[in-house]
Undergrad: 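Once you've had a glance at the structure underneath, I'll fire off some questions.
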Amino acid sequence: MRRYAARPMADAMHGVTARERLEALGKLQGDTVAAKVDGRVYDLHTPIPEDAREIEPIRVNDPEALPIIRHSTAHVMADAVQRLFPGTKVAFGPAIDDGFYYDYDRPDGSFTEEDLEKITEVMLGIIEANTPFERKVLPYEEARRVLEELGEPYKLEHLERLKDEEISFYQHGKWVDLCEGPHVPSTGFLKAFKLTHRAGAYWRGDERNPMLQRIYGTAFPDAKALRAYLLQRQEAEKRDHRKLGKELGLIAFHPYAPASPFFLPRGAQVYNRLVEYIRDLYDEKAYQEVITPQIFDNALFHTSGHLPSYRENMFFAATVDGLEEASKALVKNPPKDEESCSHVLSEHLRFGVKPMNCPSHCLYFAMEKHSYRDLPLRIADFGRLHRYERSGVVQGLTRVRTFAQDDAHIFCTMEQVQGEIASFIDLVFRVYEDFGFTDTKVIVATRPDQRLGSDEVWDAAEAALFDACKAKGIAFEVADGEGAFYGPKIEFHLKDAIGRSWQLGTIQCDFNLPERFDLHYVGADNERHRPVMLHRAILGSVERFFGVLVEHVAGAFPIWLAPEQLRLLTVSERFNDYAHEVAADLRKKGYRVDVDDSADKLGAKIRNARNLRIPLLGVVGEREVESRGLAIRSRDENADLGFKTLDEVEAILAPLSLPPSRRPA
RNA sequence: GCCUAGGUAGCUCAGUGGUAGAGCACCCCCUUGGUAAGGGGGAGGUCGUGAGUUCAAUUCUCAUCCUAGGCUCCA
């Protein structure tokens, strides 16, 4: 097994290179890393098509240079790794959103922190040597021979999947890699990188495959940009909802209920504000809220299709009776294997804890006969859901095992689908704006290979989604084949503090459940018709939304959501009575007000309140008691707003206690 | 579930093969103070849990639970 090529892969290429062309046009600068030729990115030393029309340089500080720099850095890292740890195989090493990674199969174990330091040192040496990156294109069979010679099984496996006649390789110094490119002209262009962390990753992302060792890093055009990025990341980590949630007394976890949050009094306040806000919208938009059971006979989940297809994600509820029956059945007919044992158990353990509200809403719909005049019927439910998530995937509030959605199902006719979707999109954007989210990513997920229903129905449903998005003039991406098996969907994604994107809102067309539950309504023609079911949520799960919101506002909730809107700080004990009197009065009016009547001095009280991100502070001393008011200090301005009468305080609080879209103009 | 790294007081964290420490928070006392920590004293931990090695384990080994970063999966 030999990593390095026996001889440099001297190029035998013909034609004009990007560099030559740029030079001829006088467009080549010292900091040019690649070229954009008719929309495609080329290395400088790669010949470009003879009929190329437009050619522009990509310079180090252009956004398009970043992935090139990062991917090139990944190559340098892989070179360093194989120098330091002979026998290590390489897999994939792409540039990603905020850096790059490379996956390795290291036979003698995983990489340690110290290994990263060593790798970094060797990388610095490679960069200092400033060796050029070279591209070579080989015929398929020859490419195979090279990879066999290099002893790279993962690359060979990847080669199998490439159908191209010609395969490109990149080489810097003696290190060669099967690679699409492009790359910077030479290693010296890599001015600033940092290896950040390591993790396991399955080969080709499939858990049936062997686990590889992944090393993540990031790279920038210069040290200043790298420092800025690392600093920004540090700042972002301070906003982490798990950290803030603890510091601000919002949430907690206990090992007895893994991945299941406690909402502490302050957190529950905010949680309830979120639900209350959505309930108000429901009143406005003609939704009807229901409260449905938590635990159902498994017959329901058979009908809905959750058994067996959603089984791994469900909790089941055993009873002593059920266990005894199961035991008797097992003693009477001892099972031959695990499967039959499991079958007997699940037959006698009758109950399942609901992972979704849709089955019970179907039951509700079927309880009465419906006319087309009833439609659309919008049924909302904040029911608590339980899903068994595998231990490795849970995370803070963004991925939990018990949560509530601002869930609703709209039963409507096919003709009503587009209108319902359009008004839902409006609603989603209004809500996200109320919370201050502006960069919402919209994704339309279309029919997957495995699906139910005829192509005509899918055509209509997808058209309804696309038409609604287009009619709204919103930008969206298409995720082909990513729809649910029962229908296509629109997803609304927001980013958390560290830039991870989370799906919050969604609207999905469903033709499957109405079929399974044999739902129908009577049309104007006096015939039975199948309704369409739209699953939709705006916040998504209240828990996840809460987490993303905490990070978005960095714990500083706006007044309409703040658990404590105003805290009264007494200058000395002598003013406690007045403060309590004022607080009681404001609380009676619906404001969330507390008094800090501790023995702390004013400075300490202010510090504590500010650390809790309380939006308004009211200082109470001699002057305020005499003139019946408060000296207001605002969190957002971090300044003393001076004396306000009680009426003035209320005038400040009243409008800000409403969500922006409900405030008087 | 898999890979890697962690788990010491309510919180943030030191530390050690000879059964533990700081700051903040908490309790008590003094101070009655006007816009980001007034002073003093006290209490609080079977060092995640269970086994093993050892004369001796919080420290070393293994298992297990939880957490974190990924992979896979999803609201």
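Just so we're on the same page: letters track the sequence lines, and every chain starts at 1.
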Undergrad: Taking donor-acceptor contacts at under 3.5 Å, does the side chain of A/Tyr202 reach the base of B/G1?
TA: yes
Undergrad: Assign A/Ala259 to base, sugar-phosphate, or nothing according to its heavy-atom contacts below 4.0 angstrom with the strands shown.
TA: sugar-phosphate
Undergrad: With sequence neighbours excluded, what pairs up with A/Glu648 under the side chain to side chain contact (heavy atoms under 4.5 Å, CB included) test?
TA: A/Lys644, A/Thr645
Undergrad: Roughly how many Å apart are B/C24 and B/G41, using the P atom of each and rounding to a whole number?
TA: 12 Å
Undergrad: For A/Glu573, which residues count as a side chain to side chain contact (heavy atoms under 4.5 Å, CB included) partner, sequence neighbours excluded?
TA: A/Asn576
Undergrad: Closest nucleotide of RNA chain B for A/Asn313 versus for A/Lys246: which of these residues is on the 5' side?
TA: A/Lys246
Undergrad: Mind checking ring-ring contact (aromatic ring centres under 6.0 Å, His included) for A/Phe557 and listing every partner two or more places apart, or none if nothing turns up?
TA: none
Undergrad: Tell me whether the side-chain N or O atoms of A/Arg204 pair up with the base of B/C71 as donor and acceptor below 3.5 Å, since no angle test is needed here.
TA: no
Undergrad: Using only heavy-atom distances, determine whether the side chains of A/Asp597 and A/His580 contain a donor-acceptor pair under 3.5 Å.
TA: yes
Undergrad: Heavy atoms only, 4.0 Å cut-off, all strands: where does A/Val542 land among base, sugar-phosphate and nothing?
TA: nothing
Undergrad: By a strict heavy-atom criterion of less than 4.0 Å, which residues belonging to residues 423-431 of chain A are in contact with RNA chain B?
TA: none
Undergrad: Tabulated below should be each protein N or O lying under 3.5 Å from an N or O of nucleotides 43-45 of chain B; please produce it.
TA:
none

Undergrad: Taking only residues two or more places apart in sequence, or in another chain, which ones meet A/Asp594 in a salt bridge (charged side-chain N to carboxylate O under 4.0 Å, His left out)?
TA: A/Arg587
Undergrad: Identify whether a stacking contact exists between A/Trp502 and B/A75, where the ring centres must be under 5.5 Å apart and the planes under 30° apart.
TA: no
Undergrad: For residues 247-270 of chain A, which residue pairs pass the salt bridge (Lys or Arg N to Asp or Glu O under 4.0 Å) check, not counting sequence neighbours?
TA: A/Lys243-A/Glu247, A/Arg266-A/Glu564
Undergrad: Does any donor atom in the side chain of A/Gln503 or A/His493 lie under 3.5 Å from an acceptor atom in the other side chain?
TA: no
Undergrad: Could you tell me whether A/Gly396 contacts a base, only the sugar-phosphate backbone, or nothing, with contacts defined as non-hydrogen atoms closer than 4.0 Å?
TA: sugar-phosphate
Undergrad: Using a 4.0 Å heavy-atom cut-off across all strands, classify A/Leu385 as base, sugar-phosphate, or nothing.
TA: nothing
Undergrad: Give every residue pair that meets the salt bridge (Lys or Arg N to Asp or Glu O under 4.0 Å) criterion with at least one member in residues 395-411 of chain A, sequence neighbours excluded.
TA: A/Glu389-A/Arg399
Undergrad: Looking only at side chains, do A/Arg198 and A/Ser110 share a donor and an acceptor under 3.5 Å apart?
TA: no
Undergrad: For the C1' atoms, the ones on B/C47 and on B/U58, what distance do you get once it is rounded to whole angstrom?
TA: 4 Å
Undergrad: Restricting to pairs with a member in residues 88-108 of chain A, which pass ring-ring contact (aromatic ring centres under 6.0 Å, His included), not counting sequence neighbours?
TA: A/Phe92-A/His158, A/Phe92-A/Trp203, A/Tyr101-A/Tyr216, A/Tyr102-A/Tyr104, A/Tyr104-A/Phe111
Undergrad: How far does the P atom of B/A14 sit from the matching atom of B/C2, given to the nearest Å?
TA: 29 Å
Undergrad: I want to check one thing: is the phosphate of B/G69, taken as OP1 and OP2, less than 4.0 Å away from some side-chain N or O of A/Gln395?
TA: yes
Undergrad: Under a plain distance cut-off of 3.5 Å, with no hydrogens placed, do A/Asn638 and A/Arg633 share a side-chain donor-acceptor pair?
TA: yes
Undergrad: Looking only at side chains, do A/Lys285 and A/Ser423 share a donor and an acceptor under 3.5 Å apart?
TA: no
Undergrad: What stems, by residue range, does RNA chain B take part in, given at least 3 consecutive Watson-Crick or G-U pairs under 3.5 Å?
TA: B:1-7 with B:65-71, B:10-13 with B:21-24, B:26-30 with B:38-42, B:48-52 with B:60-64
Undergrad: Tell me what A/Tyr388 touches on the nucleic acid: a base, only sugar-phosphate, or nothing, going by heavy atoms under 4.0 Å.
TA: sugar-phosphate
Undergrad: If you look at every strand shown and take non-hydrogen atoms under 4.0 Å, does A/Tyr216 touch a base, only sugar-phosphate, or nothing?
TA: sugar-phosphate
Undergrad: Any salt bridge (Lys or Arg N to Asp or Glu O under 4.0 Å) pairs touching residues 430-444 of chain A, not counting sequence neighbours?
TA: A/Glu284-A/Arg430
Undergrad: Taking the nucleotide of RNA chain B with the nearest heavy atom to each, does A/Arg387 or A/Ala257 sit closer to the 5' end?
TA: A/Ala257
Undergrad: Under 4.0 angstrom, heavy atoms only, what part of the nucleic acid is A/Glu389 near: base, sugar-phosphate, or nothing?
TA: base
Undergrad: Name the nucleic acid region contacted by A/Ser391, choosing base, sugar-phosphate or nothing; use a 4.0 angstrom heavy-atom cut-off, strictly under.
TA: base
Undergrad: Looking just at side-chain N and O atoms, do A/Ser634 and A/Asp636 make a donor-acceptor pair shorter than 3.5 Å?
TA: no
Undergrad: What is the nucleic acid contact for A/Arg214, judged by heavy atoms within less than 4.0 Å: base, sugar-phosphate only, or nothing?
TA: sugar-phosphate
Undergrad: How does each nucleotide of nucleotides 32-41 of chain B score, in 5' to 3' order, for protein heavy atoms under 4.0 Å: base (B), sugar-phosphate only (S), or none (-)?
TA: BBBBBBB---
Undergrad: Report yes if a side-chain nitrogen or oxygen of A/Arg242 is closer than 4.0 Å to either non-bridging phosphate oxygen (OP1 or OP2) of B/A68; otherwise report no.
TA: yes
Undergrad: Looking only at side chains, do A/Tyr271 and A/Glu543 share a donor and an acceptor under 3.5 Å apart?
TA: yes
Undergrad: Using the P atom on both, measure B/U16 against B/C60 and round to a whole Å.
TA: 10 Å
